[in-house]
Amino acid sequence: MKTLIAKHESTLLAYLVEALPEKSRTTLKSYLAHRQILINGKLSTLFDAPIRKNDEIKILDKGAERPNPNNRLRILFEDDYIIIIEKKNGLLSVSTGNQGEQTAFSIMMDHVRYSNKDARVFIVHRLDRDTSGLMLFAKSEEIQQILQDNWNTNIIERKYVAVVEGSLPEKQGKIVSWLTENPKSLKMISSPTDNGGKKAITNYRVLKSNDKYSLVELSLETGRKNQIRVQLASIGCPVAGDKKYGAHTNPLRRLALHAEVIAFSHPVTTEKMRFDTGIPQIFN
């Protein structure tokens with residue numbers, strides 16, 4: 001990151017041309033297009049944004065965290081191909097069909113179109129509305145396809161953390177079951193034997209517990225709808241706050257499930273990338 005303190009009034013691009021003579025106009029324009037310029041802490045993409053004496057101009061490194069486009073999510077990483085965000089609980093991943101509904105997808109579409117009206121983002125995977133944590137978006141249909149087609153080989157690690165009711169049977173173990181969906185209730189049903197459903201595998205490790213709850217780390221081998229929620233409920237330890245799957249308590253006034261870690265191979269550079277939000281403080 002580079003920081004400049006304006007010595008006189010000007011406009012943004014004109015001042016950058018003057019202050020950074022070693023940089024071409026094309027490079028300076030790319031900083032604006034890629035949302036790498038902050039004026040006094042606020043992101044700017046306007047060539048003619050006014051600059052006043054003593055204004056602080058920061059040029060962010062490519063891929064560095066930007067100011068949040070919305071208080072319901074934050075951007076952890078962005079380059080020309082992908083965006084990694086952390087969404088809050090209560091925010092849908094994509095619309096359920098209600099017009100004007102704000103979602104992680106709609107917020108990110110607004111974000112990329114701020115500097116390019118033709119830009120788009122593409123959903124790679126989803127989180128339940130009430131689950132918080134890490135999501136990955138693609139910036140083109142081609143990148144989306146690469147990530148989805150090679151999901152099982154590209155995704156190196158996916159970890160969640162949850163507060164569950166009761167105590168798990170072991171401090172560490174594996175839940176294997178077959179999941180089907182009830183077409184009327186839209187609830188997933190977990191069967192310990194193969195009933196023609198989709199096989200789901202979740203590894204767990206108890207981090208700590210008391211007489212009412214357990215804090216559990218969960219690592220996915222498969223990614224099925226509501227997988228963690230229905231499998232934990234099936235062994236008598238529903239996620240706290242998960243009324244849909246039989247929780248009796250709601251101590252955090254939210255679903256106590258968070259997508260904590262995602263690690264994968266970058267779809268273009270093949271670089272190994274890992275993002276870890278840590279355990280939400282309230283879970284502890």
Side-chain angles (χ1 to χ4, degrees), residues 87 89 92-94 96 104 123-136 144-145 147-207 209 213-248 254-265 274-277 279-280 283:
K87 88 169 185 75
N89 64 295
L92 281 165
S93 294
V94 293
T96 56
I123 285 279
V124 176
H125 65 111
R126 306 181 187 197
L127 291 179
D128 295 339
R129 179 202 287 266
D130 294 320
T131 301
S132 58
L134 293 166
M135 284 186 67
L136 170 61
Q144 177 197 40
Q145 206 66 50
L147 288 165
Q148 289 182 335
D149 287 351
N150 301 284
W151 186 254
N152 290 333
T153 53
N154 275 350
I155 299 300
I156 301 163
E157 183 182 8
R158 283 182 80 191
K159 282 185 181 177
Y160 288 70
V161 63
V163 177
V164 305
E165 295 181 346
S167 299
L168 281 85
E170 305 288 342
K171 292 295 183 184
Q172 191 166 332
K174 178 179 292 199
I175 307 170
V176 181
S177 66
W178 284 259
L179 306 185
T180 53
E181 185 172 21
N182 184 310
K184 291 184 178 179
S185 67
L186 301 181
K187 284 177 62 175
M188 301 302 292
I189 299 166
S190 177
S191 168
T193 56
D194 188 351
N195 61 354
K198 293 182 177 179
K199 188 176 183 179
I201 304 173
T202 302
N203 298 289
Y204 69 84
R205 181 166 68 95
V206 178
L207 302 178
S209 60
Y213 301 102
S214 299
L215 181 66
V216 186
E217 180 185 82
L218 303 132
S219 177
L220 298 183
E221 290 188 28
T222 57
R224 310 301 186 197
K225 180 181 176 182
N226 294 173
Q227 175 175 322
I228 290 172
R229 297 165 62 186
V230 67
Q231 286 193 320
L232 286 170
S234 74
I235 61 171
C237 295
V239 176
D242 194 0
K243 186 177 179 181
K244 181 176 180 178
Y245 288 104
H248 299 291
R254 59 157 289 186
L255 180 73
L257 180 62
H258 178 79
E260 179 189 10
V261 175
I262 189 168
F264 59 94
S265 298
R274 187 178 189 273
F275 299 89
D276 185 345
T277 66
I279 299 171
F283 282 27

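What's counted below: heavy atoms across the whole structure, side chains too, no hydrogens, waters or symmetry copies.
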Test log, rule side-chain contact (heavy atoms from CB on, under 4.5 Å), inputs Ile228 and Leu220: CA-CA 8 Å; Ile228 290 172; Leu220 298 183; 3.6 Å; yes
Distance-only, no hydrogens or angles: does the [X] side chain make a donor-acceptor pair with backbone N or O of [Y] under 3.5 Å?
| X | Y | answer |
| --- | --- | --- |
| Ser132 | His258 | no |
| Arg254 | Leu257 | yes |
| Asp128 | Asp130 | no |
| Tyr245 | Lys187 | no |
| Gln227 | Ala200 | no |
| His125 | Leu136 | yes |

Test item: side-chain donor near acceptor, Arg229 and Thr131, under 3.5 Å: no
Can you tell me how far the [atom1] atom of [X] sits from the [atom2] atom of [Y], to the nearest 0.5 Å?
| X | Y | atom1 | atom2 | result |
| --- | --- | --- | --- | --- |
| Leu232 | Ile175 | CG | CD1 | 5.0 Å |
| Ser190 | Arg224 | OG | CZ | 12.5 Å |
| Glu181 | Lys198 | CD | NZ | 9.5 Å |
| Asn195 | Ser177 | CG | OG | 9.0 Å |
| Ser209 | Lys171 | OG | NZ | 4.0 Å |
| Ile123 | Gln148 | CD1 | CD | 9.5 Å |

Student check: side-chain heavy atoms of [X] and [Y] closer than 4.5 Å:
| X | Y | result |
| --- | --- | --- |
| Leu255 | Asn89 | no |
| Lys199 | Trp178 | yes |
| Tyr204 | Gln172 | no |

Closest heavy-atom contact between [X] and [Y]?
| X | Y | answer |
| --- | --- | --- |
| Gly241 | Ala247 | N-CB, 3.9 Å |
| Gly223 | Arg158 | CA-NH1, 4.3 Å |
| Arg126 | Val94 | NH1-CG2, 3.2 Å |
| Asn182 | Lys184 | OD1-N, 2.8 Å |
| Val163 | Phe283 | CG2-O, 3.7 Å |
| Asp194 | Gly197 | OD1-N, 4.3 Å |

Greater than 12 external heavy atoms within 6.0 Å of Lys225's NZ: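 Buried by this count: over 12 neighbours within 6.0 Å.
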Those residues that, when tested against Lys244, pass salt bridge (charged side-chain N to carboxylate O under 4.0 Å, His left out) (two or more places apart):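 So Lys244 forms no salt bridge (charged side-chain N to carboxylate O under 4.0 Å, His left out) with any residue.
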Salt bridge (charged side-chain N to carboxylate O under 4.0 Å, His left out) against Glu217, all qualifying residues, sequence neighbours excluded: Lys159, Arg205
